[in-house]
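Read through the structure below, which is laid out as structure tokens, and then see the notes.
Quick caveat: nothing in here was measured; it's all calculated off a predicted structure.
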Amino acid sequence: MIHSLFLVNGAGDIFLEKHWKSVVGRSVCDYFFEAQSKAGEDPENVPPVISTPHHYLINVYRHKIFFLAVIQTEVPPLFVIEFLHRVAETFQDYFGECSEATIKDNVVIVYELLEEMLDNGFPLATESNILKELIKPPTILRSMVNTITGSSNVGDTLPTGQLSTIPWRRAGVKYTNNEAYFDAIEEIDAIIDKSGSTVCAEIQGVIDACVKLTGMPDLTLSFMNPRLLDDVSFHPCVRFKRWESEKVLSFIPPDGNFRLMSYHVSAQNLVAIPIYVKQNISFFESGSSGRLDITLGPKQTMGKQVEGLTVTMNMPRVLLSVNLTATQGTHKFDPVTKILVWDVGKLNPQKLPNLKGSLSVQSGAPKPEENPTLNIQFKIQQLAISGLKVSRLDMYGEKYKPFKGVKYLTKAGRFQVRT
Amino acid sequence: MEWASQLCENRHIGAKMTDSKYFTTTKKGEIFELKAELNSDKKEKKKEAVKKVIASMTVGKDVSALFPDVVNCMQTDNLELKKLVYLYLMNYAKSQPDMAIMAVNTFVKDCEDPNPLIRALAVRTMGCIRVDKITEYLCEPLRKCLKDEDPYVRKTAAVCVAKLHDINAQLVEDQGFLDTLKDLISDSNPMVVANAVAALSEIAESHPNSNLLDLNPQSINKLLTALNECTEWGQIFILDCLANYTPRDDRESQSICERVTPRLSHANSAVVLSAVKVLMKFMEMLPKDLDYYGTLLKKLAPPLVTLLSAEPELQYVALRNINLIVQKRPEILKHEMKVFFVKYNDPIYVKLEKLDIMIRLASQANIAQVLAELKEYATEVDVDFVRKAVRAIGRCAIKVEQSAERCVSTLLDLIQTKVNYVVQEAIVVIKDIFRKYPNKYESVIATLCENLDSLDEPEARAAMIWIVGEYAERIDNADELLESFLEGFHDESTQVQLQLLTAIVKLFLKKPTETQELVQQVLSLATQDSDNPDLRDRGYIYWRLLSTDPVAAKEVVLAEKPLISEETDLIEPTLLEELTCHIGTLASVYHKPPSAFVEGSRGVQHKRLPVRAGSGESSESPEASQAVGAVPDTPPPAVIPSQGDLLGDLLNLDLAPPTSSGPPQVPSMPMGGMDLLGGGLDSLLGGDLGGSPAMGGGLASAPAPAAAAPSLAAPASGLDMLFDLGGGVGMPTGSFVVPKAIWLPAMKAKGLEISGTFARRGGVLQMEISLTNKAMSVMTDFAVQFNRNSFGLAPAGPLQVLTPLSPNQTTEVSLPLSTVGPVMKMEPLNNLQVAVKNNIDVFYFSCQYPISILFVEDGKMERQVFLATWKDIPNENESQFQIKDCHVNSDAATSRLQSCNIFTIAKRTVDNQDMLYQSIKLTNGIWILVELRVQTGSPGCMMSVKCRAPEVAQLVFQCYEMVLKTSSEA
């Protein structure tokens with residue numbers, strides 16, 4: 001199982017280590033550093049599984065920190081990766097942000113948390129509800145009170161959820177305002193080719209919940225069109241049998257924020273593409289220059305406003321500078337990273353935004369071979385592009401009337417236009 | 001007291017109370033100050049001081065000097081302080097074992113605490129203190145905690161058993177904790193069940209043969225019930241455990257699948273992949289015409305696709321596994337090609353994996369789409385990715401015949417871009433396309449020749465030279481082209497030199513008149529001016545061929561080449577089958593069996609897919625049925641796929657039929673009638689003729705010319721059994737011989753079945769082979785060659801076969817081996833790749849030889865030398881193994897091992913335990929030292945192996961295990 005954990009920052013310093021079995025020397029990280037230097041400047045390119053003569057190193061890169069787990073025996077790598085994600089999420093949850101500074105500021109809590117999350121390499125308590133009962137998150141007020149009164153931030157009773165069949169919820173939850181809010185967020189991943197036709201497109205959807213309800217509420221969420229959802233992953237709280245038989249989500253929710261469900265829609269006819277791009281980027285054979293002309297326009301927006309439109313392009317290495325004018329929004333070219341960003345803002349169907357101008361290339365350099373890909377970001381409020389709609393939310397088991405609400409949001413995930 | 005004043009300041013301000021202050025003091029006397037703080041009367045000061053100590057510890061500072069002071073803080077009712085002290089203890093107890101004892105009383109007391117949290121914490125921490133003395137005290141509290149009324153304590157105690165086992169396995173067994181742990185599988189609480197399964201699985205990993213996880217329909221049912229209710233991590237443990245079970249029939253298999261399927265919708269990807277593993281394995285048993293089989297196939301696709309929308313590192317692991325799944329069951333994902341399309345900002349490791357899977361899924365139906373994508377990728381920025389994309393186009397051409405033309409034209413388009421590395425890759429793959437579809441696309445050669453000058457990579461140059469040589473008759477200026485390469489001959493890499501040599505010889509054979517000068521030039525460059533033995537050898541061979549028999553030369557050099565196929569990059573079926581059982585593990589990421597790389601997995605059992613029910617289908621899955629029949633201890637023979645480089649390697653060997661200069665033909669025995677007793681008679685002869693080696697040597701067909709021992713080579717023979725029993729009553733037993741295993745099944749070798757084994761008889765290494773002709777025609781002209789291997793094994797003589805081998809006939813051959821052949825480290829170390837030729841074809845297979853055949857007769861070391869060597873070899877090189885269930889005393893072990901050339905140098909008896917010190921020498925002069933501990937009256941022994949080449953330790957262990965166990969069973 002998981003032997004040790006090292007936290008490494010961007011500069012390659014190990015700033016925290018934790019061992020759940022015998023101590024593994026820091027030198028084991030040298031293999032990681034070697035792989036890191038091979039991967040080049042982009043930390044995303046470091047391979048996630050690295051083998052060394054005696055250990056295996058599995059790492060994830062989150063919040064500019066490498067979480068590096070050391071294992072010695074045959075362990076499912078996904079198990080380790082999922083656990084590392086959980087560690088990063090827990091830090092985020094506890095300290096508001098997960099960064100080297102906050103981890104160092106709270107090193108004792110971090111240590112206590114890690115000890116609580118894993119025993120002998122086996123996960124022990126990873127649900128945030130349980131952890132918070134065992135180790136209270138730091139707040140300025142609490143640390144002040146603790147310092148003065150000498151009380152501790154470690155709970156001394158056994159967390160109630162730990163052993164029940166609903167380990168994700170603690171008992172005795174109380175609120176004065178009972179509320180249950182759901183966000184249906186859909187991301188469109190798509191590749192559009194030069195001519196504007198869709199190479200592939202899919203929707204990654206999630207339903208995130210914020211549930212603050214007293215007692216042990218039992219909720220049922222039903223959809224207008226559940227047939228849409230044929231590829232789903234659920235939070236452990238969802239009763240799978242009821243989904244199978246009635247296509248409703250029936251669950252006793254964890255307390256607070258959690259991801260109720262994620263789903264995936266890949267049938268091409270269900271994936272609407274909200275915008276189109278007309279582009280022309282060319283470099284002249286002779287002379288060190290080129291032209292760029294990009295126009296954006298609405299396609300299948302279901303009558304909603306497209307906002308937060310941004311176009312990002314990784315321009316060829318040989319590009320020196322740009323001389324562009326935009327009819328709308330601002331644009332910026334970073335000559336070091338060669339990234340061109342055009343922040344468009346809202347898409348106005350009456351007056352289509354356009355970016356146009358000339359590009360200058362290093363003199364003498366050959367015409368660039370590769371074509372920059374356009375990476376597009378946008379948001380559409382109050383719309384789930386797949387057409388998913390919640391029809392109702394019912395609560396059983398408790399008497400009070402909760403506030404409820406559902407919000408929809410569609411955004412671009414990895415939405416790429418080839419040129 | 002700076003930090004204390006700082007603390008006071010903080011208290012006044014009441015803001016920013018963070019732990020970073022613990023990092024700030026680096027002044028001298030820090031330890032001294034902390035000591036004072038730790039001994040303070042004020043609780044709060046104490047706690048702050050302990051926190052400071054922990055903070056120093058986390059950044060790697062040595063605060064072990066504070067051990068007694070910190071331990072003194074342990075007796076407290078403040079849980080946070082207690083936890084902090086426990087954290088400290090776990091880190092430093094090992095370096096201060098005597099001090100750690102001080103803590104024992106508190107632990108024992110805490111294990112009785114009314115608060116279950118404290119009981120659990122105490123037993124958990126105690127298990128983490130890896131000090132022998134403490135473990136003794138741990139047993140009683142642990143026993144109580146395993147039966148505690150609170151499930152939280154029980155589940156913590158279950159993990160503690162695994163911890164204790166890691167420190168002292170014997171203790172855990174003696175105390176009966178394993179049985180208690182097994183009982184916990186039936187616990188009423190699902191979390192306890194999951195932890196018990198996890199602990200047992202971990203223990204079982206170091207005990208490959210123990211029957212710890214005794215899975216039967218009842219326990220499976222309990223696991224399936226717990227599966228629904230335990231945490232996500234518990235589900236992973238249970239699913240991984242379920243995957244080891246083999247259902248009795250297809251009905252049970254289906255019912256397990258039905259209960260596992262809901263896990264595919266879990267949010268935790270590790271749960272999903274473990275569920276996929278169980279389903280992939282159990283599906284194997286379901287009849288294909290069953291409706292449920294189709295339903296299951298459909299259900300598997302969406303979760304796999306979903307994994308690809310996760311974070312890149314999850315994607316990577318998922319893709320490596322999907323790569324296996326599409327090879328095993330391509331039908332699952334055949335419609336999902338598009339999800340593998342590459343996004344330009346995918347990390348490179350994801351891009352490369354996606355590309356691989358795209359080719360595996362490529363078919364006539366989707367090839368147009370795939371090619372359009374690949375062409376797009378070939379213009380990306382990342383050079384490695386572009387290269388792989390170009391290669392992928394070539395692989396598509398070879399895989400999907402209908403698309404070959406389109407692929408070639410795409411490649412030509414890419415060559416027109418003149419981007420240097422694209423052109424070079426394109427030429428390399430076009431060469432492969434020529435080898436798959438000869439005489440079809442040669443019209444493009446002209447375009448290729450235009451780019452001759454831009455090729456600067458050896459592989460591309462070699463490919464181009466091959467093309468020019470192969471099609472010399474169609475290229476007008478082939479001689480000029482090759483001559484231009486010849487100018488810088490000595491600066492070229494070996495690959496190019498070899499290819500150039502061959503190409504010019506081909507050219508000469510095709511156009512002898514105008515190229516005589518050229519061929520002489522290259523032959524002299526290769527033979528006289530080169531110090532590369534490969535090049536020289538090849539040069540001489542050509543030279544002699546050309547000078548003695550040009551017609552034969554033409555036949556050899558211009559022989560028709562076998563077509564290459566798309567199968568070259570597929571994983572070999574037995575390995576694929578094993579990897580399918582390991583979906584989701586490291587093995588699946590590396591595409592290697594766990595035994596090949598996981599440390600500490602002492603003799604991992606090879607996992608096999610279950611066999612589908614119904615005899616009618618057995619012909620459909622020959623691999624599966626064959627695998628079940630295989631002897632579990634010997635890894636099944638692997639048929640080498642015709643992989644590019646390997647093929648090249650073996651093709652370079654000269655496979656000539658046995659020449660007449662060999663020893664005279666042995667008068668053939670009446671094989672038909674004597675077949676049954678053949679093996680036995682041979683060994684009988686061997687035994688009788690022990691005294692007269694001259695005579696034995698004359699009878700080349702007798703496998704044991706000088707051995708004074710009976711053979712185990714043919715286990716079916718009654719005579720053998722007799723001799724074997726004889727061994728037990730005082731006759732010297734011969735060196736151990738593994739029963740023959742099938743190395744090359746008939747269906748893989750056009751009807752030739754080869755089985756065999758290795759033996760060392762009277763100091764002579766032998767490979768004992770049975771050749772069976774299962775084809776319809778007579779086989780003749782047998783010859784054998786080995787590839788380079790770890791210990792330089794090579795045939796010491798030609799393969800003597802009583803030719804011709806008529807259909808349905810079997811012949812036994814024994815091939816003497818030498819150890820002076822070329823050496824190359826193999827993986828595994830004892831792997832041997834063999835090529836056997838007959839009049840039909842050349843066949844390749846690989847087998848593994850027991851290391852014991854390499855133990856030489858003069859392996860007895862002097863006592864003094866032994867002692868000095870033992871000390872001299874660093875401790876890292878020591879490996880420990882446990883041999884279980886061998887009922888043998890030290891004297892019997894000594895004599896049995898002696899017969900395998902394992903020499904006992906000294907014996908010492910301590911506490912009822914016999915320690916045997918033994919030495920072994922390998923044919924290549926490497927010494928192996930062994931300490932064998934035999935406990936009188938106990939059915940197992942421990943061994944420590946020390947050697948300067950620690951790789952051999954595992955093999956030595958296998959040899960010991962086999963010798964000690966087999967003889968005790970006989």
Side-chain angles (χ1 to χ4, degrees), chain A residues 1 16-17 22 44-45 47-49 54 56 60 72-74 76-79 81-82 104-108 111-112 115 119-120 122-123 140 143-144 147 150 152-154 156-158 162-163 165 167 191 199-200 204 230-236 240 262 264 266 369-371 373 414 416 418, chain B residues 11 14 17-20 23 43-44 51 54-55 58 78-80 83 87 116-117 124 130 151-152 159 162-163 191 198 205 229 231-233 236 262 265-270 273 302 306 309 313-314 316-317 338 341 343-344 347-349 379-381 419 584-586 589 594 598-601:
Chain A
M1 290 291 124
L16 190 107
E17 57 183 286
S22 51
E44 296 276 340
N45 279 341
V49 185
H54 301 283
Y56 289 86
V60 304
Q72 208 163 13
T73 47
E74 174 65 90
L78 279 187
F79 165 96
I81 294 172
E82 283 279 0
K104 277 187 171 171
D105 280 351
N106 298 287
V107 69
V108 175
Y111 227 66
E112 288 170 340
E115 185 60 29
D119 176 22
N120 194 38
F122 300 114
I140 290 180
S143 55
M144 218 158 65
T147 326
S152 88
N153 65 340
V154 172
D156 55 8
T157 50
L158 194 59
Q162 183 75 293
L163 285 161
T165 46
I191 300 178
V199 177
C200 64
Q204 314 287 354
D230 61 344
D231 180 4
V232 283
S233 310
F234 295 123
H235 188 277
F240 191 74
S262 54
H264 180 241
S266 56
E369 284 307 326
E370 74 270 13
N371 301 321
T373 303
R414 299 203 293 163
Q416 307 186 344
R418 289 176 179 160
Chain B
R11 192 176 300 194
M17 303 295 298
T18 69
D19 295 342
S20 55
F23 291 101
K43 259 191 192 171
E44 186 50 30
K51 279 192 178 181
I54 300 284
T58 56
N78 182 319
L79 191 60
E80 183 178 22
K83 278 190 172 179
L87 280 177
L117 194 60
R124 184 173 132 200
R130 306 173 63 85
Y152 182 71
V159 173
K163 293 180 194 171
M191 247 71 87
E205 208 170 306
E229 292 170 359
T231 64
E232 48 197 313
W233 314 109
I236 301 170
S265 297
H266 201 284
N268 186 320
S269 59
L273 205 53
T306 302
S309 56
E313 54 269 17
L314 290 175
Y316 171 72
V317 177
K338 283 188 175 177
F341 285 179
K343 305 247 170 34
Y344 87 95
I348 180 74
Y349 55 84
T379 62
E380 279 225 26
V381 192
V419 178
T585 65
L586 279 172
V589 172
V598 175
E599 232 181 58
S601 56

Shortest non-hydrogen contact from B/Pro347 toward A/Glu44:
CB-O, 3.5 Å
If I measure from the heavy atoms of chain A, does B/Leu314 come under 4.5 Å with its side chain, its backbone, both, or neither?
both
Can you list everything that forms a ring pair (Phe, Tyr, Trp, His ring centres under 6.0 Å) with B/Tyr344? Sequence neighbours excluded, please.
none
Heavy-atom contact with chain B under 4.5 Å, split by part of A/Ser262
neither
If you count heavy-atom pairs under 4.5 Å with chain B, which of A/His235, A/Met1, A/Gln204, A/Glu115 comes out on top?
A/Glu115
Chain B contact via A/Gln416 - which portion, at a heavy-atom distance below 4.5 Å
side chain
All heavy atoms of B/Ala162 vs all of A/Asn120, minimum pair found to be CB-ND2, 4.1 Å
Pairwise distance NE2(A/His264) to OG1(B/Thr306) - rounded to 0.5 angstrom:
6.0 Å
Looking at every non-hydrogen atom in both residues, tell me the closest pair between A/Glu74 and B/Leu586 and how far apart they are.
OE2-N, 2.6 Å
Which pair of heavy atoms, one from A/Pro77 and one from B/Gly584, lies closest together, and at what distance?
CD-O, 2.9 Å
At a 4.5 Å cut-off on heavy atoms, which part of B/Val159 comes close to chain A: side chain, backbone, both, or neither?
both
Within the structure provided, determine whether B/Tyr349 and A/Pro48 are in side-chain contact (heavy-atom separation under 4.5 Å).
yes
Is chain B contacted by the side chain of A/Phe79, its backbone, both, or neither, given a heavy-atom distance below 4.5 Å?
both
So what's closer than 4.5 Å to chain A heavy atoms on B/Glu380: side chain, backbone, both or neither?
backbone
For the residue pair B/Ser269 and A/Leu78, what are the closest heavy atoms and their distance?
O-CD1, 3.6 Å
Counting only non-hydrogen atoms closer than 4.5 Å, does B/Ile236 touch chain A with its backbone (N, CA, C, O), its side chain (CB onward), both, or neither?
side chain
In terms of heavy-atom pairs under 4.5 Å with chain A, the winner among B/Val589, B/Asn268, B/Thr379 is B/Asn268
When you look at B/Lys163 and A/Asp119, which way does the side chain to side chain contact (heavy atoms under 4.5 Å, CB included) test go after all the steps?
CA-CA 10 Å; B/Lys163 293 180 194 171; A/Asp119 176 22; 2.7 Å; yes
Show the nearest heavy-atom pair for residues A/Ser233 and B/Ala267, with the distance to one decimal.
CB-CA, 3.9 Å
With sequence neighbours excluded, tell me which residues meet ring pair (Phe, Tyr, Trp, His ring centres under 6.0 Å) with A/Phe234.
A/Trp243
